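Worksheet: the structure to be examined is printed underneath.
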Amino acid sequence: MISLSLPSPAKLVPPLLPTSPSHQKPSSSQSLKNPSFEPLKDRLIRQANEGNIRQAISTLDRIAQLGLTPDLTSYSLLLKSCIRTRNFDLGKLVHIKLTDSRLELDSVALNSLISLYSKCGDWVTAKSIFEDMGEKKDLVSWSAMISCLTHSGMELEAIFTFFDMVQSGEYPNQFCFSAAIQACSNVDNAWIGIVIFGFVIKTGYFESDVCVGCALIDLFSKGFSDLNSAKKLFDKMPERNSVSWTLMITRYSQLGQPRTAIEMFLDMVFSGFTPDRFTFSSILSSCSGMGFLFLGKQLHCRVIKSRLSEDVCVGCSLVDMYAKCVVPGSLNDSRKVFDHMPDHNIMSWTAIINGYVQSGGKDGEALELYCKMIDEGRVLPNHFTFSSLLKACGNLSNPELGVQIEDSGFEVDAFTFASLLSGAASIGAGGKGEQIHSRLLKSGFQANQCVCNALVSMYSRCGNIEAAYQTFKELEDRNVVSWTSMITGYAKHGFAKRALEMFHQMLEAGMQPNEVTYIAVLSACSHVGMVDEGWKHFNSMSNEHGISPRMEHYGCMVDLLGRSGFLEKAVQFIYSMPFKADALVWRTLLGACRVHANTELGKHAAKMILEQDPNDPAAYILLSNLYASMGQWEDAVQIRKSMKERKLVKEAGCSWIETENGVHKFYVGDSKHPQAKEIYEELDRLALKIKEIGYVPDTDFVLHDVEEELKERYLFQHSEKIAVAFGLISTSRPKTIRIFKNLRVCGDCHTALKYISKATGREIVVRDSNRFHHIRDGACSCSDYW
DNA sequence: CTAGGGTTAG
């Protein structure tokens with residue numbers, strides 16, 4: 001019997017709480033008069049200016065620890081430095097400290113905060129700061145806000161804000177004008193841009209400011225696709241710099257005039273302007289378009305001389321240029337550039353893969369590179385990558401080309417296709433997986449067991465369990481992997497009954513289960529809370545099948561017991577294990593404590609996790625969520641703070657959805673999507689609709705201590721809701737909406753999605769980091785147990 | 001503290 005005598009909270013989680021300063025606090029007489037303040041302030045200024053933000057923040061803390069009050073200038077300086085060095089998380093930390101300091105903020109500090117949140121993409125916070133400014137609003141605040149709205153995809157609101165500014169009696173300067181003109185640089189609003197253009201001419205800012213000139217060039221090139229007018233403006237600009245030259249060159253290149261782009265580039269160089277990384281990326285792309293390998297090579301020399309060959313974008317353009325300027329040997333040059341690049345991203349991988357596909361007969365190498373990309377694991381494919389790969393698969397199913405692949409010495413085996421499918425599954429690209437499937441049918445691999453198992457798993461991981469079963473059914477030669485894939489699929493989708501039926505069929509068919517099969521069986525039980533059934537299988541796995549349970553199996557049982565509410569039994573079970581429980585097991589228990597709001601046990605679990613892994617972000621997050629859900633805001637904030645101090649970063653939550661034109665990914669409050677405006681309008685409509693039929697926002701899931709109304713607004717910016725709203729506006733009934741999330745789905749989102757399914761009559765399938773949810777007509781397959 | 005330019009496919 002384990003007794004749960006838990007030490008007091010303070011002793012339990014010592015590393016989480018900041019220790020009080022060991023030195024003596026000076027008494028309250030303080031601030032500028034104290035001789036020790038000035039040197040510390042000087043140090044802070046130096047550190048902030050040098051961009052050593054963390055050190056500067058420590059200095060700030062030290063000033064506060066000494067009982068002195070840092071002045072507003074110190075905070076403002078730190079904020080500016082965070083913005084300059086793009087240390088946005090630290091900037092938010094400074095914001096928290098600034099709020100705690102209770103100092104009265106001036107325009108400069110508030111404008112810095114607007115800029116900070118704007119650059120994080122968090123326009124809601126930026127806007128609420130802006131609106132609360134009252135009389136403190138100045139031209140900088142207006143400009144920052146207009147620009148923030150434009151970059152968040154709310155161009156029309158940005159334009160209205162500009163008009164509001166003029167109405168309020170402010171006279172716009174060059175910053176306001178360029179922000180407002182940028183808001184108009186699209187097809188919808190270009191005509192408003194013309195009105196503002198007239199205004200600009202009168203003020204003389206067109207003549208005096210290069211940035212206003214650049215904005216106007218984009219008004220004509222992007223808003224009207226009118227390069228002639230854009231070029232006329234460019235010619236009339238009294239002052240030019242390499243940015244305005246590059247802008248003109250890029251627009252020529254993008255709007256299908258690579259030859260003119262190249263001519264302008266030569267003009268630019270002859271006029272004495274130095275091309276930089278932006279110029280080179282654009283102009284190399286024009287060379288690819290024209291097939292100008294000779295010029296491309298000269299540019300490559302200049303890239304090296306300008307020390308720009310390490311830039312990822314320039315590298316991509318070079319890889320693409322050599323690959324597209326097809327002469328003997330140029331593909332090898334492309335590969336050489338690729339191999340020499342210090343960093344790769346999905347674009348550079350896609351550029352080289354596409355190079356092999358386009359050069360003809362090198363599809364095997366293309367697939368080989370793709371496998372390498374997946375193996376290295378740091379880069380996920382996108383729809384550009386799949387376009388190339390599908391073409392390669394198509395070529396491979398062509399018998400004539402098939403012969404040439406045997407020549408290259410690379411065997412396109414089942415493993416290659418399996419890895420192709422696994423890549424599609426990892427990003428939830430079921431549509432692409434399906435296309436690969438149809439290619440496979442043509443290429444003769446369809447009967448292969450390994451490929452079919454990959455197909456079963458791909459369909460299941462992409463949320464289409466019916467297609468997974470269909471593929472499984474058609475497979476005659478099933479092995480333990482085939483059965484286990486199918487059981488795992490049913491378990492993850494929450495269809496425990498079918499998973500167990502499948503398991504019995506497997507045993508009846510005389511198939512011997514393995515360790516992985518039992519993980520699937522036990523997790524099926526834990527996803528629906530079948531405690532007795534779970535025990536039965538846990539016991540029979542060693543007794544009847546001679547498989548000794550591993551840590552993962554114990555973990556499944558802890559999950560099963562914990563989430564069913566048998567928290568104490570779960571702890572007893574942990575201590576009865578034949579080996580010491582690892583951090584994952586304790587994390588599982590901590591998760592269960594959050595569900596059942598057991599703070600004491602939760603703290604114990606957190607302590608055990610941190611003993612083994614003192615820097616585990618998950619422990620901090622779970623504990624902080626646990627406190628937050630109990631309304632213990634101060635404790636929650638304290639944990640978040642110490643996380644930041646320990647430089648622990650939580651993975652940002654994001655959701656994505658696949659449509660015909662690719663995978664669309666969204667973060668919290670994301671507004672970078674080209675259709676952001678429509679998405680948020682849809683969200684507003686949905687919020688109204690579902691409230692009418694009984695939805696009540698569960699603001700417990702908002703992990704900040706803010707007003708209820710603001711909490712609701714935060715809730716409606718969760719990435720899963722955004723992805724669903726996008727799914728609703730870009731597909732139509734009766735298509736199932738399948739969305740994916742890298743973390744667990746939030747409780748309020750889960751509730752809201754159930755109402756949304758009822759209100760819209762659409763089925764929604766959610767894959768989170770843990771399992772699937774099939775949501776239809778107001779109910780979820782998980783029966784709200786997850 | 002506020003404004004400008006880039007690369008991968010079909």
Side-chain angles (χ1 to χ4, degrees), chain A residues 76-77 79-84 91 105-116 118-119 126 129-130 133 136-148 150-151 172-183 185 205 209-219 221 237 240-251 253-254 268 275-286 288 308 311-321 323-324 338 341 344-355 357-358 381-391 661-662:
Chain A
S76 291
L77 203 69
L79 276 179
K80 287 182 210 172
S81 187
C82 291
I83 294 167
R84 207 179 54 235
L105 304 195
D106 61 6
S107 299
V108 176
L110 290 162
N111 292 339
S112 299
L113 288 173
I114 293 175
S115 164
L116 173 72
S118 163
K119 287 185 173 148
I129 295 170
F130 174 77
M133 278 178 82
K136 289 182 192 167
K137 271 187 205 131
D138 60 14
L139 277 181
V140 178
S141 330
W142 285 100
S143 307
M145 199 58 231
I146 295 168
S147 161
C148 172
T150 304
H151 289 127
N173 64 7
Q174 67 272 39
F175 290 93
C176 307
F177 276 125
S178 31
I181 296 166
Q182 274 179 67
S185 299
Y205 280 122
D209 194 273
V210 194
C211 288
V212 173
C214 285
L216 287 167
I217 287 175
D218 263 351
L219 173 64
S221 58
M237 280 166 71
R240 290 174 212 156
N241 58 18
S242 60
V243 175
S244 52
W245 276 99
T246 305
L247 175 63
M248 235 16 256
I249 290 167
T250 306
R251 297 292 172 253
S253 171
Q254 288 170 338
M268 171 184 176
D276 60 16
R277 63 193 66 214
F278 297 94
T279 328
F280 280 118
S281 311
S282 273
I283 201 63
L284 281 165
S285 158
S286 301
S288 315
L308 292 173
D311 185 88
V312 185
C313 287
V314 176
C316 278
S317 306
L318 281 168
V319 168
D320 187 54
M321 188 274 294
K324 288 218 180 102
F338 178 82
M341 285 170 69
H344 284 126
N345 57 17
I346 187 56
M347 278 195 177
S348 60
W349 279 104
T350 306
I352 187 70
I353 289 172
N354 190 47
V357 176
Q358 291 201 330
N382 61 18
H383 63 289
F384 288 95
T385 328
F386 280 116
S387 292
S388 295
L389 291 168
L390 284 168
K391 206 172 162 202
N661 57 7

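None of the values given here were measured: they were computed from a predicted structure. Chain letters run A, B, ... following the sequence lines, proteins first, then strands; residues in each count from 1.
Using a 4.0 Å heavy-atom criterion, one finds that A:V319 contacts no nucleic acid atom at all. As judged by a 4.0 angstrom heavy-atom cut-off over every strand, A:T279 is placed among the base-contacting residues. Within the nucleic acid shown, A:V212 has no heavy atom closer than 4.0 Å to any nucleic acid atom. At a threshold of 4.0 angstrom between heavy atoms, the contacts of A:S112 are confined to the sugar-phosphate backbone, with no base atom among them. A:S118 comes within contact range of no nucleotide atom at all, as no heavy-atom separation falls under 4.0 Å. Residue contacts shown for A:K137 are absent, as no nucleic acid heavy atom lies under 4.0 Å away. Within 4.0 Å (heavy atoms only), A:H344 reaches no atom of the nucleic acid at all. Here A:K136 lies out of heavy-atom contact (under 4.0 Å) with every strand. Within the nucleic acid shown, A:D138 has no heavy atom closer than 4.0 Å to any nucleic acid atom. Using a 4.0 Å heavy-atom distance criterion, A:N345 is classed as making no nucleic acid contact. Residue-level contact check: A:N173 touches neither bases nor backbone, having no heavy atom under 4.0 Å from any strand.
The ring-ring contact (aromatic ring centres under 6.0 Å, His included) test applied to A:F338 returns A:H344, A:W349, not counting sequence neighbours. Legend: residues meeting side-chain hydrogen bond (donor to acceptor under 3.5 Å, both in side chains) with A:S141, ordered by chain and number and at least two apart, are A:N111, A:D138. In this structure, the ring-ring contact (aromatic ring centres under 6.0 Å, His included) partners of A:W142, at least two apart in sequence or on a different chain, are A:F130. For A:R240, there are no salt bridge (Lys or Arg N to Asp or Glu O under 4.0 Å) partners two or more places apart in sequence or in a different chain.
In this structure, a donor-acceptor pair under 3.5 Å is present between the side chains of A:T350 and A:T385.
Contact check for A:N345 versus A:S348: side-chain heavy atoms found under the 4.5 Å cut-off.
Along DNA chain B, read 5' to 3', the first and last nucleotides having any atom under 4.0 Å from a heavy atom of chain A are B:dC1 to B:dG10.
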Distance-only check: which donor-acceptor pairs under 3.5 Å involve side-chain atoms of residues 210-219 of chain A, not counting sequence neighbours?
| unit_1 | atom_1 | unit_2 | atom_2 | d |
| --- | --- | --- | --- | --- |
| A:D218 | OD1 | A:S221 | OG | 3.2 |
| A:D218 | OD1 | A:R251 | NE | 2.6 |
| A:D218 | OD1 | A:R251 | NH2 | 3.3 |
| A:D218 | OD2 | A:R251 | NH2 | 3.0 |

